[in-house]
Amino acid sequence: MRREPCNDESTPESSTERAETVRRLFQEHNRALVRFLRARLHSEQDAHEVAQEAYVKLLQLEKPGALSFLRSYLFKTASNLAIDRMRARAVRHHVDMDALFEELEEPLTPEREVLAQQEVEGIAARLERLPAQCSYAFAMHVLLDRPVREIAAELKLTERAVRYYIVRALIACRKAREAGS
Amino acid sequence: MTALDKAGDWMLRLQSDELDPRELAEWLDWYDADPENRDAFESLQGEYEALRAGPMERRSALAQRLIASSRHPGPYFLGTPLPRALLLSR
C-alpha cells in the first residue's frame with residue numbers, strides 16, 4: 001500500500017510548514033519508529049537509515065495531509081522501505097554465501113572458542129530449566145530465524161502460544177543476565 | 001500479563017509480514033501510553049538483539065543444544081499447560 005495522504009484536516013502548504021510537520025513527527029514518534037524498524041530489520045544501523053529515508057519521502061510529498069494521517073503514512077513508508085532492504089539483504093546474503101562458508105571453515109582461536117563455549121553453556125543452562133516448548137521455540141525463532149507461523153504449524157499451536165513460549169525464554173534470559181551482572 | 005510479557009508479544013508481532021495498520025496503531029498507542037511499556041519493550045528488544053549478536057557458530061551451537069535437550073517436542077507434546085486464551089487466539 002503506497003497511498004498518498006489526503007487532506008482531511010488542516011493542510012500544511014509551504015515547505016516551511018511541511019518541514020515543521022515532519023519535525024513534529026520526528027520528535028513525537030522517532031523513538032517508536034526506530035524501535036519498530038529494529039524489530040523488522042534486527043539492526044539498529046539499518047533502522048536509523050531506513051527511518052531517515054522515510055522522513056525524506058515525507059518531505060518530498062506534494063500534498064501532505066494532516067499530522068495524524070502522516071503518522072500512519074510515515075510508518076507505512078518505513079515498513080515498505082524495510083521490506084525493500086530485507087529483499088536486498090537476501091540477495092546480498094545469497095551472493096556472499098561462498099565467502100561465509102570460507103569464513104566458517106577457518107578454525108576459531110582457542111580464546112574465542114573458550115569464550116563462545118562458556119557463553120553457550122551459560123545461556124543453555126538457563127533455558128534448559130524451562131519447559132521444552134520454550135527452549136525449542138526460542139532456538140528455532142531467535143537463533144535460527146524460523147518464522148513464528150512455521151513453528152506454530154509444526155507444533156500445531158496458535159501463533160500466540162508460540163510467541164508466549166519465546167517471550168518466556170527471553171524473559172528468563174534477561175532475568176538471568178540481570179542476576180549475573 | 002506483565003509489561004514485559006506484552007512487550008515481548010508486541011516485539012514478535014511487529015516482525016510479522018502480516019502486520020496490519022490497525023495492529024501497528026494499537027502497538028504505538030501501547031508503546032506511547034506508559035514509560036514502563038517503553039522500557040519493557042526496549043529492554044526485551046535489547047535482550048533479543050544481544051542473543052542474536054556474535055559469531056554464527058555460537059548461535060548454531062546453542063540452537064543445536066537446546067533443540068536436542070528439548071527432544072523436539074513434536075506436534076503432540078503438551079507438557080506445559082498454556083493459558084486457555086493462547087490456545088484459541090491467533
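Every chain is numbered from 1 and lettered A, B, ... according to where its sequence line falls, protein lines coming before strand lines.
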Chemist: Hey, what do you get for OG (A:Ser79) to CG (B:Leu19), rounding to the nearest 0.5 Å?
Modeler: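 Reported value, rounded in 0.5 Å steps: 7.0 Å.
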Chemist: Pick whichever of B:Asp17, B:Thr2, B:Leu44 has the most heavy-atom pairs under 4.5 Å with chain A.
Modeler: B:Leu44
Chemist: Hydrophobic cluster membership, with links at side-chain heavy-atom distances under 4.5 Å among I/L/V/M/F/W/Y: are A:Val34 and A:Phe26 in one?
Modeler: no
Chemist: How about CD on A:Gln45, more than 12 heavy atoms from neighbouring residues, nucleotides or ligands closer than 6.0 Å, or not?
Modeler: no
Chemist: Identify which part of B:Trp10 has an atom lying under 4.5 Å from any heavy atom of chain A, answering side chain, backbone, both or neither.
Modeler: neither
Chemist: Do B:Asp5 and A:Tyr164 touch side chain to side chain, with heavy atoms closer than 4.5 Å?
Modeler: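 No - every pair of side-chain heavy atoms lies 4.5 Å or more apart.
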Chemist: Locate the shortest heavy-atom distance separating A:Arg40 from B:Ser16; write the atom from each residue and the value.
Modeler: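 Heavy-atom minimum between the residues: NH1-O, 2.6 Å.
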Chemist: At their closest point, which heavy atom of B:Leu12 faces which heavy atom of A:His141, and how far apart are they?
Modeler: CD2-NE2, 3.5 Å
Chemist: Side chain, backbone, both or neither: which part of B:Leu24 has an atom under 4.5 Å from a heavy atom of chain A?
Modeler: side chain
Chemist: Measure distances from B:Tyr31 to the heavy atoms of chain A and classify the residue's part below 4.5 Å as side chain, backbone, both or neither.
Modeler: side chain
Chemist: Under a 4.5 Å heavy-atom cut-off, does chain A meet the side chain of B:Arg52, its backbone, both or neither?
Modeler: side chain
Chemist: Just give me the residue among A:Val142, A:Leu41, A:Ile83, A:Leu170 that pairs up with chain B most often, heavy atom to heavy atom, under 4.5 Å.
Modeler: A:Val142
Chemist: I'd like to verify something: which residue of A:Arg174, A:Arg149, A:His29 has the highest number of heavy-atom pairs under 4.5 Å with chain B?
Modeler: A:Arg174
Chemist: If you round to the nearest 0.5 Å, how far is CE of A:Met140 from OG of B:Ser70?
Modeler: 9.5 Å
Chemist: Quick one: do A:Leu58 and A:Val56 end up in the same hydrophobic cluster if we chain Ile, Leu, Val, Met, Phe, Trp and Tyr together by side-chain heavy atoms under 4.5 Å apart?
Modeler: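 Different clusters.
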Chemist: Relative to chain A, which segment of B:Asp32 carries a heavy atom at a distance below 4.5 Å: side chain, backbone, both, or neither?
Modeler: side chain
Chemist: Can you measure from CG (A:Leu143) to CG (B:Leu51) and round to the nearest 0.5 angstrom?
Modeler: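 Output value for this atom pair is 7.0 Å.
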Chemist: Can you see which heavy atom on A:Ala32 is nearest to which on B:Leu28, and at what distance?
Modeler: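 Closest pair (atom of A:Ala32, atom of B:Leu28, distance): CB-CD2, 3.5 Å.
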Chemist: Mind checking whether B:Tyr48 and B:Trp30 sit in one hydrophobic cluster, side chains of I, L, V, M, F, W, Y counted as touching below 4.5 Å?
Modeler: yes
Chemist: What do the steps show when you test A:Arg31 against B:Glu42 for side-chain contact (heavy atoms from CB on, under 4.5 Å), and what is the final call?
Modeler: CA-CA 10 Å; A:Arg31 184 170 170 174; B:Glu42 292 172 10; 2.8 Å; yes
Chemist: Mind checking the CZ-CG spacing from A:Phe138 to B:Leu66? Nearest 0.5 Å is all I need.
Modeler: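 Here the rounded value is 6.5 Å.
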Chemist: Roughly how far apart are B:Asp9 CG and A:Glu159 CD, rounded to 0.5 Å?
Modeler: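 With rounding to 0.5 Å, CG (B:Asp9) is 10.5 Å from CD (A:Glu159).
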Chemist: What's the separation between atom CZ in B:Arg65 and atom OG in A:Ser135, rounded to the nearest 0.5 Å?
Modeler: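 One finds 11.0 Å between CZ of B:Arg65 and OG of A:Ser135.
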Chemist: Would you mind checking which part of B:Gln45 comes under 4.5 Å of any heavy atom in chain A, side chain (CB onward), backbone (N, CA, C, O), both or neither?
Modeler: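 Only the side chain of B:Gln45 comes within 4.5 Å of chain A.
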Chemist: For A:Arg168, is it the side chain, the backbone, both or neither that has a heavy atom under 4.5 Å from a heavy atom of chain B?
Modeler: side chain
Chemist: Is B:Arg13 in contact with chain A via its backbone, its side chain, both, or neither, using a 4.5 Å heavy-atom distance?
Modeler: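 Contact with chain A: backbone and side chain both.
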Chemist: Check whether any side-chain heavy atom of B:Gln15 sits under 4.5 Å from a side-chain heavy atom of A:His42, and report yes or no.
Modeler: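 A side-chain contact exists here, since the closest heavy-atom pair is under 4.5 Å.
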Chemist: For the CD atom on A:Glu20, are there more than 12 heavy atoms of other groups (residues, nucleotides or ligands in this structure) within a distance under 6.0 Å?
Modeler: yes
Chemist: With only heavy atoms counted, which part of B:Gln64 is less than 4.5 Å from chain A, the side chain, the backbone, both or neither?
Modeler: neither
